[in-house]
Amino acid sequence: MWHIRRFEELSLEELAEILRLRQRVFILEQESLFEDIDGRDGEAVHIFHQEGDMIKSYCRITKSDKIVIGRVLVNPDYRGEGRGKELFDYALEHVKQEHPSTPVAITAMCYLEGFYETFGFRRISERYDIAGHQHVDMALEQ
């Protein structure tokens with residue numbers, strides 16, 4: 001089941017599972033030491049696919065002068081099933097419905113640049129380092 005929740009709508013169990021998954025993927029698996037809990041979750045919309053009590057994919061959407069889709073992950077126990085594409089399709093559809101004229105951006109790990117290009121994103125920056133991993137900024141072509 002897909003969920004779209006503002007921070008205050010998340011149950012404590014959902015929040016704990018989201019933070020556990022983000023820690024598992026971004027901090028432990030990718031060995032990235034960065035401040036994942038960055039103070040932006042409270043203003044974000046959280047999108048996730050859940051079956052039973054297991055979150056299988058997740059991302060968050062923040063808005064300023066642009067929409068930023070970030071913290072994109074697929075639970076490591078459920079990779080290889082097309083869940084990343086499903087998640088990103090779902091998130092983009094939500095963004096297009098809720099914010100049709102607002103520019104959309106992402107910060108992508110370089111090895112995923114081709115994946116995001118399939119959704120219509122293009123690179124708008126040079127490569128740069130975040131926590132020991134090369135990233136690029138990308139924007140959705142309108």
Side-chain angles (χ1 to χ4, degrees), residues 1-100 102-141:
M1 172 180 279
W2 286 102
H3 299 281
I4 301 172
R5 302 230 203 290
R6 300 201 59 74
F7 184 76
E8 61 273 5
E9 297 170 331
L10 292 169
S11 72
L12 292 177
E13 291 81 13
E14 289 167 340
L15 178 60
E17 179 66 8
I18 287 167
L19 295 176
R20 186 190 69 74
L21 268 175
R22 285 176 19 185
Q23 174 182 278
R24 180 178 177 194
V25 171
F26 301 128
I27 308 299
L28 300 174
E29 181 182 287
Q30 295 177 357
E31 298 179 347
S32 297
L33 296 178
F34 74 104
E35 195 170 1
D36 175 52
I37 302 172
D38 59 0
R40 307 243 16 226
D41 287 314
E43 65 194 54
V45 171
H46 303 267
I47 296 178
F48 55 100
H49 188 264
Q50 186 174 20
E51 292 178 18
D53 62 349
M54 184 67 61
I55 293 177
K56 297 196 172 182
S57 58
Y58 166 85
C59 69
R60 76 175 186 188
I61 296 172
T62 56
K63 183 175 188 251
S64 55
D65 59 329
K66 62 187 171 204
I67 299 294
V68 177
I69 303 172
R71 301 297 197 267
V72 179
L73 67 82
V74 173
N75 184 320
D77 298 332
Y78 298 96
R79 291 190 182 144
E81 302 173 2
R83 293 183 183 277
K85 181 180 180 336
E86 288 175 357
L87 169 66
F88 217 75
D89 278 336
Y90 194 85
L92 279 177
E93 187 59 35
H94 171 75
V95 166
K96 289 175 184 176
Q97 286 180 2
E98 296 296 315
H99 310 282
T102 306
V104 181
I106 60 172
T107 297
M109 292 181 84
C110 288
Y111 81 92
L112 290 170
E113 189 174 346
F115 172 76
Y116 291 117
E117 286 173 345
T118 67
F119 295 95
F121 284 83
R122 65 174 173 73
R123 184 194 321 190
I124 58 169
S125 76
E126 295 300 317
R127 292 176 176 230
Y128 58 93
D129 182 86
I130 298 176
H133 300 280
Q134 291 295 299
H135 289 73
V136 292
D137 294 330
M138 300 183 80
L140 184 62
E141 293 183 324

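Everything numeric here is computed off the predicted structure, so don't read it as measured data.
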Please report the interatomic distance [atom1]([X]) to [atom2]([Y]), rounded to the nearest 0.5 Å.
| X | Y | atom1 | atom2 | value |
| --- | --- | --- | --- | --- |
| Arg40 | Ser64 | CZ | OG | 6.0 Å |
| Asn75 | Glu17 | CG | CD | 7.0 Å |
| Met109 | Ser32 | CE | OG | 5.5 Å |
| Leu87 | Lys56 | CG | NZ | 14.0 Å |
| Ile4 | His46 | CD1 | NE2 | 12.5 Å |
| Ile47 | Ile18 | CD1 | CD1 | 11.0 Å |

>> The criterion is ring-ring contact (aromatic ring centres under 6.0 Å, His included); which residues satisfy it with Phe119, sequence neighbours excluded?
In response: Phe88, Phe115

>> So, using ring-ring contact (aromatic ring centres under 6.0 Å, His included) as the criterion, who are the partners of His3 when residues are at least two apart?
In response: Phe48

> What closest approach, in Å, do Ile55 and Tyr58 show between heavy atoms, and which atom pair accounts for it?
Replying inline: CG2-CB, 4.4 Å

> Which pair of non-hydrogen atoms, one from Ile69 and one from Val72, has the smallest distance, and what is that distance?
Replying inline: CG2-CG2, 4.0 Å

Residues, nucleotides or ligands: over 12 heavy atoms within 6.0 Å of [X] [atom1]:
| X | atom1 | result |
| --- | --- | --- |
| Leu33 | CG | no |
| Glu126 | CD | no |
| Glu51 | CD | yes |

Residues two or more places apart in sequence or in another chain: which of them pass side chain to side chain donor-acceptor pair (under 3.5 Å) with [X]?
| X | answer |
| --- | --- |
| His49 | none |
| Gln23 | none |
| Gln30 | none |
| Glu93 | Gln97 |

>> If you define the side chain from C-beta out and look only at heavy atoms, does anything of Arg6 sit under 4.5 Å from Val45?
In response: yes

> So do Glu29 and Leu73 actually touch side chain to side chain, heavy atoms under 4.5 Å?
Replying inline: no

> Pairs in or reaching into residues 110-120: which pass side-chain hydrogen bond (donor to acceptor under 3.5 Å, both in side chains), with residues at least two apart or in two chains?
Replying inline: Glu113-Arg123

>> Tell me whether the rings of Phe26 and Phe34 are parallel (<30°), tilted (30 to 60°) or perpendicular (>60°).
In response: perpendicular

> Taking it one step at a time, do Leu92 and Phe121 satisfy side-chain contact (heavy atoms from CB on, under 4.5 Å)?
Replying inline: CA-CA 11 Å; Leu92 279 177; Phe121 284 83; 4.2 Å; yes

Residues which pass salt bridge (charged side-chain N to carboxylate O under 4.0 Å, His left out) with [X], listed by chain and number, not counting sequence neighbours:
| X | value |
| --- | --- |
| Glu9 | none |
| Glu81 | Arg83 |
| Lys63 | none |
| Asp38 | Arg60, Arg71 |

> Mind checking what makes side-chain contact (heavy atoms from CB on, under 4.5 Å) contact with Val68, not counting sequence neighbours?
Replying inline: Thr62, Lys66

> Does Ile124 offer a backbone N or O that forms a donor-acceptor pair with the side chain of Asp137 under 3.5 Å?
Replying inline: no

>> For a side-chain contact (heavy atoms from CB on, under 4.5 Å) check, start with the C-alpha distance between Ile61 and His94, then their side-chain angles and the critical distance, and finish with the verdict.
In response: CA-CA 10 Å; Ile61 296 172; His94 171 75; 3.9 Å; yes

